[in-house]
Amino acid sequence: MFEVTPGMRRLCATVLGMQAIVVALISPVAITINHVSTPLALTVGLGLAVLCVIVAGMLKRPYAYIAGTLLEILTIATGFLVPLMFFLGVIFAALWITAIFVARRVEGTTKR
């Protein structure tokens, strides 16, 4: 059973909040530097940012962590629009995984 802890919720919400800012900012970069069509860049960048905020608000439920993991994969996939996002997406995925495991470990230690 996947138990959601308050610390895990806080850390994961922080990761998703920062990720929302970064993926929203890929839109102007994709448009001006990589010459991606404006509707595509805005849909991907702003759409992912909105999804990050929505999932951050749902982190009390265990299925939101599956949705968050899917967001990490989608963030890595934005590297096809802005190649630097391959790198930044992997960093956010590592932060996501770290937030889950570190919070569970720390809160498991403090419960004893």
Side-chain angles (χ1 to χ4, degrees):
M1 177 89 180
F2 186 79
E3 181 186 348
V4 177
T5 63
M8 185 170 44
R9 250 190 350 251
R10 255 180 265 128
L11 283 174
C12 289
T14 302
V15 171
L16 287 175
M18 295 299 109
Q19 184 173 341
I21 294 168
V22 171
V23 295
L25 291 174
I26 69 165
S27 296
V29 173
I31 293 167
T32 57
I33 295 177
N34 295 344
H35 308 293
V36 175
S37 69
T38 303
L40 175 64
L42 289 175
T43 301
V44 170
L46 298 179
L48 272 176
V50 168
L51 285 174
C52 285
V53 172
I54 290 171
V55 171
M58 298 177 2
L59 288 175
K60 288 184 179 181
R61 298 165 185 85
Y63 64 82
Y65 292 87
I66 296 169
T69 303
L70 292 174
L71 281 176
E72 301 307 326
I73 294 168
L74 290 175
T75 301
I76 293 170
T78 59
F80 291 110
L81 297 178
V82 178
L84 180 62
M85 284 306 293
F86 285 124
F87 175 70
L88 290 176
V90 168
I91 288 177
F92 276 114
L95 288 171
W96 176 256
I97 293 167
T98 302
I100 291 172
F101 287 110
V102 167
R104 288 181 70 131
R105 185 172 184 167
V106 167
E107 289 181 344
T109 302
T110 57
K111 283 183 183 179
R112 295 179 194 170

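The structure presented is a predicted model; accordingly, all values stated were derived computationally and were not measured. The basis for the numbers below is simple: all heavy atoms, side chains too, and nothing from hydrogens, waters or symmetry mates.
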Determine whether Ile66 and Leu48 fall in the same hydrophobic cluster, where Ile, Leu, Val, Met, Phe, Trp and Tyr are linked whenever their side-chain heavy atoms lie under 4.5 Å apart.
no
Does any part of the side chain of Leu16, heavy atoms only, come nearer than 4.5 Å to the side chain of Leu59, both counted from C-beta?
yes
Measure the spacing between OG1 of Thr69 and CD1 of Ile100 and express it to the nearest 0.5 Å.
5.5 Å
For side-chain contact (heavy atoms from CB on, under 4.5 Å), just list the numbers for Leu81 and Leu40, CA-CA rounded to whole Å, side-chain angles, deciding distance to a tenth of an Å, and then say yes or no.
CA-CA 9 Å; Leu81 297 178; Leu40 175 64; 3.9 Å; yes
What residues join Val90 in its hydrophobic cluster, counting side-chain heavy atom gaps under 4.5 Å, either direct or through other members?
Ile76, Phe80, Phe86
Minimum side-chain heavy-atom gap Met8-Tyr65 below 4.5 Å
yes
Nearest 0.5 Å, what's the OG1-CG distance between Thr14 and Leu95?
10.5 Å
Carefully, step by step, assess Val82 and Asn34 under the rule side-chain contact (heavy atoms from CB on, under 4.5 Å).
CA-CA 7 Å; Val82 178; Asn34 295 344; 3.8 Å; yes
Could you give the distance from OG1 (Thr78) to CG (Leu74), rounded to the nearest 0.5 Å?
8.5 Å
Using 0.5 Å steps for rounding, measure from the CD atom of Gln19 to the OG1 atom of Thr75.
3.5 Å
How close do Ala49 and Ala20 get, heavy atom to heavy atom, and via which atoms?
CB-O, 3.4 Å
Output for pair (Leu46 CG, Leu51 CG), nearest 0.5 Å, gives 11.0 Å
Val23 and Met85, any side-chain heavy atoms less than 4.5 Å apart:
yes
Heavy atoms of Ala64 and Val55 approach each other most closely as O-CG1, 3.5 Å
Is there a chain of hydrophobic side chains (I, L, V, M, F, W, Y, each step under 4.5 Å between heavy atoms) that links Leu25 to Val15?
yes
Is there a path of hydrophobic side-chain contacts, each under 4.5 Å between heavy atoms, that joins Val4 and Leu71?
yes
Quick check on the hydrophobic clustering: are Val29 and Val44 connected, directly or via other members, by side-chain heavy-atom contacts under 4.5 Å?
yes
Which heavy atom of Gly45 sits nearest a heavy atom of Ser27, and at what distance?
CA-OG, 3.4 Å
Restricting to non-hydrogen atoms, name the atom on Trp96 and the atom on Cys12 that form the minimum distance, rounded to 0.1 Å.
CZ3-CB, 3.5 Å
Under a single-linkage definition using a 4.5 Å side-chain heavy-atom cutoff for Ile, Leu, Val, Met, Phe, Trp and Tyr, are Phe87 and Val36 assigned to the same hydrophobic cluster?
yes
What distance do Glu72 atom CD and Ile97 atom CD1 have between them, rounded to the nearest 0.5 Å?
8.0 Å
